[in-house]
Every structure is written in C-alpha cells, then in structure tokens.
Trainee: 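Let me give you the structure first, and then I'll get to my questions.
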Amino acid sequence: MKLAEIDTPALIIELDSFERNLGRLADAAAKGGVGLRPHAKTHKSAIIAHKQIALGALGACCQKVSEAEALVHAGVPDILVSNEVIGRGKLMRLAALARLARIGVCVDDPAAVAMIEEAAGALDTTLTVLVEIDVGANRCGVEAGAPALRLAEQVARAPHLRFDGLQAYQGAAQHLRSYAERRAAIARAAELAETSKRMIERAGIPCPRVSGAGTGTYRFEIESGVYTELQCGSYVFMDADYARNRGEDDRMQPEFEQSLFVLATVMSRPTEDRAILDAGLKAVSVDSGMPLVVDHPGVEFIRAADEHGRLQLARPTNTLRLGDKVRLVPGHCDPTVNLYDWYVCLRQGKIEALWPIDGRGAIQ
Ligand SMILES: Cc1ncc(COP(=O)(O)O)c(C=O)c1O
C-alpha cells in the first residue's frame with residue numbers, strides 16, 4: 001500500500017528519518033563514552049526497544065510497571081523504571097518481573113525502600129535501585145547530598161536490593177528554549193549529582209551509575225562527565241514542541257528529524273477558509289500546542305474537538321479538497337503515541353511494516 005491508501009487517522013513512522021535518529025544518538029553516546037538507555041515511554045514498542053539495543057543501548061527505561069511488563073514479555077532484557085513505584089500490588093508485579101529480566105527502580109523515600117525490600121523479599125528476587133535526587137525539576141527526588149546518602153545507606157543494607165547509583169533527570173530543562181539556559185540548568189544538575197555521588201562513595205558505598213538526560217539536554221549531560229547513562233526518549237520521533245528549542249546559534253534547527261506523523265483526511269470543507277480533518281483530541285495530543293500541518297503552507301490547525309480538527313486556510317483558498325490526506329506533526333509525541341494500537345511504517349511513501357504499540361494504555 002501507498003500513503004494515499006492508508007485509512008485515517010493513522011500514526012505514521014517515516015523509517016528513513018527514524019533510523020537516522022536512532023543512529024545519531026547511539027553514535028553520540030558511544031563517542032561521549034556514556035551508556036544509552038532510551039526511554040520507552042515515548043514509543044512503547046518492543047520492536048523499537050530491540051532496535052535501540054541492537055545499536056548498543058544498555059536496555060530501556062519505562063515509566064510504569066505495566067509498560068515494563070509489556071517490554072519484558074516481548075524479550076527486552078534490562079529495564080529501569082525511571083520512576084517511583086508505590087503500593088504492594090505494583091511492587092509484587094515489579095519483583096516478579098525481576099525473575100525474567102534485570103529490573104531497576106527509583107526511590108526517594110525511606111518508606112518506599114522498605115516497601116520494595118518487602119516485595120523483593122517475598123519473591124526472593126533482587127531489584128536494582130537508584131536513589132532519585134531532585135536536580136531542579138521539582139518533581140520526584142530526594143534532596144541532593146546528605147538526604148541522598150541516607151537513602152543510599154538504607155538501600156545498601158537491604159538484603160534484596162542492590163544500590164546502583166543515582167537518577168538525576170532534569171525534566172524542567174528539556175524545553176528551555178535557549179541553549180545557554182539548558183546548558184546552565186544541566187551544569188547545576190551535574191553539580192548536585194556529583195556532590196551526592198562523592199558523599200555516598202566517601203561513606204564506602206560504590207555509586208557506579210548516574211542516570212538522566214533527555215532529548216533537549218543530552219549533550220550537556222555527556223559534557224559534564226558525571227552522567228554514565230542517557231535516558232532520552234523523544235529523539236526517535238521528535239515533535240512540534242521540541243522543534244521550538246533553539247540551538248547554539250540561536251536558530252530552531254533540531255538535530256533530530258521529525259519521523260512521526262499523524263495522517264488525517266479532509267472530511268468537510270464547509271467554507272472557503274475552513275477545512276475539517278477526521279483527527280481531533282482522540283487522534284493527536286494538544287497538551288504542548290496544536291499539531292503543525294506539513295506540506296500546506298498557510299494552513300493552520302487551530303482547534304481540536306473530540307473527533308474533528310479544524311484547519312484555518314489562508315486566502316486565497318488553497319487546494320485542500322474533500323478526501324485529501326494531510327500529514328500532521330504532533331505537538332507532543334508521547335501522549336500521541338498512546339492513542340494508537342499500531343505504527344504504520346513507511347519508506348519512500350510505501351508501507352514497509354506495521355508495529356504494535358505494546359505498551360499502549362500501560363499507565364499502571
Ligand atoms: C525520567 C525521565 N527520563 C527521561 C525522559 C525522556 O525525555 P525526552 O522524551 O524529553 O527525551 C523523561 C521524559 O519525560 C523522563 O521523565
């Protein structure tokens with residue numbers, strides 16, 4: 001089948017640019033001497049995780065236990081749940097996964113360490129644990145320094161846990177538009193991570209791993225010399241929000257290519273300046289702004305209803321007609337992916353493969 005024959009709304013991967021993105025970050029990590037553990041919360045796909053591992057990735061990150069389950073059951077051998085997991089049900093599932101694969105998880109609270117130890121002990125498995133420190137994102141994470149050391153000591157004492165290092169992800173820095181601001185935010189994050197690592201090592205506890213970084217900042221984590229593994233996710237696909245980040249020369253020229261698109265069809269042309277697509281809120285996420293319309297200059301996606309997307313056409317009326325297919329760049333890739341069961345993978349306009357989105361809806 002060709003692009004024009006695909007029924008819509010559909011989630012499209014352009015394989016050539018997608019593969020270049022995979023290779024580009026794998027090369028940068030290898031050159032920088034750091035490990036790569038790409039975030040699967042972006043793609044939720046075992047096929048893609050296996051491709052990343054084939055290019056040298058250490059494994060994958062997941063954000064939820066159910067996401068990890070989807071990947072482990074599809075043969076991904078090494079997963080870090082780069083998040084806090086609370087509650088006996090979830091922790092027992094996590095401990096059970098540790099019988100099938102190498103599983104890591106983050107902690108930022110002494111009570112959580114006790115809960116994880118109890119679950120791992122109940123199944124007599126070992127879970128790898130990273131202490132998450134807050135390096136400026138004001139999300140999860142214990143304070144750097146002495147509080148991080150206290151947690152590391154508690155983990156190191158727990159018989160079914162293996163303390164492996166720190167998670168120091170600076171989420172708030174990823175979409176700072178200026179290069180200089182992103183660099184400064186990561187310099188501060190690296191300083192906090194290094195101080196904590198030194199304190200832990202001085203207490204006699206090995207701290208071999210510092211994990212973090214996203215698509216917007218990874219080069220600064222490499223340059224810091226503190227981080228040992230990168231968790232970038234969005235680089236595989238990119239989105240309209242990431243494309244607004246500015247580079248060192250202050251221009252918006254992303255180093256990764258847009259490889260993910262939503263394909264939609266013009267279902268109505270009620271007026272000269274309005275076209276309606278069959279893709280609304282249930283086909284494309286709008287939390288980071290409206291999608292961008294590709295290939296049609298002067299056409300703007302201005303509003304998303306449940307199943308309708310409204311396009312504003314610049315005058316004079318351009319050529320969009322009933323039944324035309326339109327490619328959209330999602331504002332935010334991760335939540336858009338979560339709306340679909342399949343990727344339709346294209347190379348030079350022809351369908352090459354369908355890949356299931358194994359972790360779709362895996363939010364528990
Ligand atoms: C803990 C963690 N690591 C890594 C990432 C990946 O970031 P990005 O998709 O911006 O590359 C995220 C994204 O939110 C995250 O929460």
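When a ligand or atom number is given, it counts from 1 through the structure's own listing order.
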Trainee: List, pair by pair, the atoms of ligand 1 and of the protein that are both N or O and lie under 3.5 Å apart, giving the separation rounded to 0.1 Å.
Mentor:
from, atom 1, to, atom 2, distance (Å)
ligand 1, 3 (N), Q231, OE1, 2.7
ligand 1, 7 (O), Y169, OH, 3.4
ligand 1, 9 (O), S234, N, 3.0
ligand 1, 9 (O), S234, OG, 2.6
ligand 1, 10 (O), Y242, OH, 2.6
ligand 1, 11 (O), T215, N, 2.8
ligand 1, 11 (O), T215, OG1, 2.6
ligand 1, 11 (O), G233, N, 2.8
ligand 1, 11 (O), S234, N, 3.3
ligand 1, 14 (O), K41, NZ, 2.9
ligand 1, 16 (O), Q63, NE2, 2.9
ligand 1, 16 (O), R139, NH2, 3.0

Trainee: Tabulate below the donor-acceptor pairs under 3.5 Å that side-chain atoms of residues 71-78 make, not counting sequence neighbours, or state none.
Mentor:
from, atom 1, to, atom 2, distance (Å)
D78, OD1, R37, NH1, 3.0
D78, OD1, R37, NH2, 3.3
D78, OD2, R102, NH1, 3.3

Trainee: For F261, is the NZ or CZ atom of R327 found under 6.0 angstrom from the centre of its six-membered ring and inside 45 degrees of the ring axis?
Mentor: yes
Trainee: Taking only Lys NZ, Arg NE, NH1 and NH2, and the carboxylate oxygens of Asp or Glu, determine whether K350 and E5 approach each other closer than 4.0 Å.
Mentor: no
Trainee: Who are the ring pair (Phe, Tyr, Trp, His ring centres under 6.0 Å) partners of F18, not counting sequence neighbours?
Mentor: W355
Trainee: Compare every heavy atom of S288 with every heavy atom of R244, then report the nearest pair and how far apart it is.
Mentor: NH2-O, 3.0 Å
Trainee: Taking salt bridge (Lys or Arg N to Asp or Glu O under 4.0 Å) as the cut-off, I'd like each qualifying pair that reaches into residues 45-62, sequence neighbours left out, listed once.
Mentor: none
